[in-house]
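The structure appears below as structure tokens.
We number each residue from 1, following the sequence as shown. Every value quoted in this text rests on a predicted model; they were computed, and no experiment measured them.
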Amino acid sequence: FKGNRSAVLNLVELLDIRSGTEDADMIEALGFMLSYRDSRKRTVPYQTDLDFMTDRWLNYVETKDLKENEVKVLKRRELEIAVLFYVADGLKSGDLYVEGSEKYADYRKQLLPWSECEKLLEGYCKIVGLSNNAADFVAMLKKKLADVAKAADDAYSDNSAFSIDENGEPHLKRQKANPLPEGLSHFEETIKKKMPKRDLIDLLKRVQAWIPYTRHFGPPSGATSKLKNDIYKYIFTIFGYGSNLGANQMVRHTDGTLTPRILRRINKQHIDSQQLDAAIRDIINNYNNWDLTEYWGDGSDMIVDGTHIELLENNMLGSMHIRYGAYGGIAYKYLSGKYIALITRFISCGTWEAIHILDGFQDNKSELQPDTVIGDTQAQSESVFALAYLMGIQLMPRMRNWNDVTFVRHNDNTVYKHIDTLFKNVGEFGRIEKHWKDFMQVAISIHAGKVIPSMLLRRLGVKSKKNKLYKAF
């Protein structure tokens, strides 16, 4: 460090480094460190907040017994190294940014300005049921945590499936499947006999007769299609490309009036993703009005899951999936509790699926607007749970190895009769209160359509162990 010290400190002074969150401790420590760069003394007064440093770094920069005029001091050169180390990590994680930079820019510029968020704050908080100020927000979290913990403690004795061992480790017993009801096989056979066989191409034609979804298709100019028998050609194009048959194979199974060139032209010029979404939205909205769907639920929940899709290796979207052992991508599907697909999005292999789980709530423009999402282990992470709460969404994933999760209590004073050994720490409510403004700016920006949730969740995943906003989430 000695050989490059002057150049590094000159560079840091020239750069306009600012805090990317409400926590400015690191910027204050940087300014304090630079104010003593020309000092010849081996120590400097301990007059800055170093709470952002780990214990190992604090032991490195703090002195044991050395004091000047009964004021605790820090080792000057060691302080410079430690602060610069944290500044470098802060720039990588997004806690800090450089004004005017492209690579190290402020991610908040993609969000709504706080002045705009303040105008929407009251209405948004009423919609999702949150408090509109930091102190009440933290108080509400503490109360919810206390109420849930008390309810779990009171119900522990009656819960035969859940237990806590002498080491404080929780365990869930494997649930036995309920026996099948009598006469189920006869019921299934009867239903099959009464249900005639339907081909997919016939279904597309029948749905078109009920709901003219092909009205959304047409040339990019917006003019009326000049194709002869256009509905017939649109249906075959949808079936051919939707089933992945392709134009050539689709034409082989028609009556000879279509050619591969016609289907390719329609697919490229008459049908795009926005038109398909509009057609799907028409079908979902009409489906939701059917009386039969009411027996399956009220549409307030949906299920998410990813399916591996094989792709050619020579493309920019595909990659090797370790779990499936094949090259391709993931079709991430959002299915309503009323048994109809809402949307499907394509994501790359290797991506933690939970990053994209909340995008579906923003992309779904149909009348079915669920507020609960159910998924597997890939449908959860700490930051996703937090963002879902801020968006008023209940996240209900299946969690593998959930007994490794750290439980926190709302204060030090409360002791529980049965589940007290579960709790390892007290929640960092001071950090939550400090970053409340950051939370609300993110949530309101997503609600206003300024950004998508996956953009923020990717950002939180960068250097997450040292990202202050990630820790707050």
Side-chain angles (χ1 to χ4, degrees), residues 195-288 290 305-321 324 326-336 339-349 360 363-366:
M195 187 180 294
K197 181 181 178 182
R198 303 289 188 190
D199 295 326
L200 286 177
I201 196 77
D202 292 334
L203 291 177
L204 288 173
K205 179 182 176 183
R206 187 181 292 267
V207 172
Q208 167 63 26
W210 295 331
I211 311 162
Y213 59 87
T214 58
R215 65 188 176 87
H216 296 285
F217 306 151
S221 64
T224 304
S225 173
K226 299 299 191 293
L227 291 173
K228 293 182 179 179
N229 203 1
D230 54 346
I231 294 177
Y232 168 81
K233 294 175 181 177
Y234 286 151
I235 290 175
F236 273 98
T237 303
I238 293 169
F239 181 83
Y241 283 93
S243 62
N244 210 26
L245 277 174
N248 290 330
Q249 290 296 323
M250 187 69 249
V251 168
R252 292 181 59 185
H253 300 280
T254 61
D255 56 5
T257 58
L258 295 175
T259 65
R261 179 177 174 276
I262 292 175
L263 296 187
R264 292 193 192 101
R265 177 168 171 262
I266 292 174
N267 183 57
K268 289 182 179 179
Q269 298 183 8
H270 286 240
I271 304 176
D272 59 24
S273 59
Q274 293 180 344
Q275 291 169 326
L276 276 175
D277 285 341
I280 292 171
R281 193 159 54 246
D282 276 2
I283 295 173
I284 294 173
N285 292 343
N286 279 271
Y287 173 90
N288 188 42
W290 285 32
D305 198 11
T307 303
H308 180 259
I309 304 294
E310 293 190 9
L311 297 173
L312 296 175
E313 294 191 14
N314 187 22
N315 72 82
M316 298 179 66
L317 292 176
S319 59
M320 178 60 69
H321 199 294
Y324 293 101
Y327 195 89
I330 299 296
Y332 203 54
K333 302 174 182 177
Y334 300 77
L335 306 176
S336 169
Y339 295 96
I340 187 170
L342 298 177
I343 53 173
T344 302
R345 291 294 177 262
F346 193 82
I347 61 178
S348 60
C349 296
D363 295 339
N364 175 32
K365 306 298 183 184
S366 69

With side chains defined as the heavy atoms from C-beta onward, is the minimum distance between Leu258 and Met250 less than 4.5 Å? no

Indicate yes or no: at least one non-hydrogen side-chain atom of Ile266 is less than 4.5 angstrom from one of Leu227. yes

List the atom of His308, the atom of Cys349, and the distance in Å for their closest heavy-atom pair. CD2-SG, 4.2 Å

Side chains of Thr344 and Lys333, heavy atoms from C-beta outward: is any pair under 4.5 Å? yes

Could you measure the distance from the CG atom of Asp202 to the CZ atom of Phe239? Nearest 0.5 Å is fine. 9.5 Å

Pairwise side-chain contact, Phe217 with Ile238, heavy-atom cut-off 4.5 Å (strictly under): yes

Taking Leu263's backbone N and O only, do any of them form a donor-acceptor pair with Asn267's side chain (distance below 3.5 Å, no angle check)? no

Between CD1 of Ile330 and CD1 of Ile309, what distance do you get to the nearest 0.5 Å? 8.0 Å

With rounding to the nearest 0.5 angstrom, report the CD1 to NE2 distance, Ile271 to His216. 12.0 Å

Parallel, tilted or perpendicular: ring planes of His270 versus Tyr234, cut at 30 and 60 degrees: tilted

With a 4.5 Å limit on heavy-atom distance, are the side chains of Tyr339 and Tyr287 in contact? yes

What distance do Tyr334 atom OH and Arg345 atom CZ have between them, rounded to the nearest 0.5 Å? 8.0 Å

Taking side chain as C-beta onward, heavy atoms only, is Phe236 less than 4.5 Å from Ile201? yes

Would you find a donor on one side and an acceptor on the other, under 3.5 Å apart, between the side chain of Gln208 and the backbone of Tyr213? yes

Do you know the tightest heavy-atom contact between Phe346 and Gly329? CZ-CA, 3.4 Å

Other residues, nucleotides and ligands only: do more than 12 of their heavy atoms fall within 6.0 Å of CG on Asn244? no

Does atom CD of Glu310 have more than 12 heavy-atom neighbours, drawn from other residues, nucleotides or ligands, at distances under 6.0 Å? no

Flag the pair Val251 / Arg261 as yes when at least one side-chain heavy-atom distance between them is below 4.5 Å, and no otherwise. no

Check: Asn288 side chain, Ile284 main-chain N or O, donor-acceptor pair, under 3.5 Å: no

Distance in Å, Asp199 CG paired with Lys205 NZ, rounded so as to fall on 0.5 Å steps: 12.0 Å

Tyr332 side, atom OH; Thr307 side, atom OG1 - distance, nearest 0.5 Å: 10.5 Å

Start with the C-alpha distance between Arg264 and Asn248, add both sets of side-chain angles, then the distance that settles side-chain contact (heavy atoms from CB on, under 4.5 Å), and finish with yes or no. CA-CA 9 Å; Arg264 292 193 192 101; Asn248 290 330; 2.9 Å; yes

State whether the side chain of Lys233 and the backbone N or O of Lys228 hold a donor-acceptor pair below 3.5 Å, judged by distance alone. yes

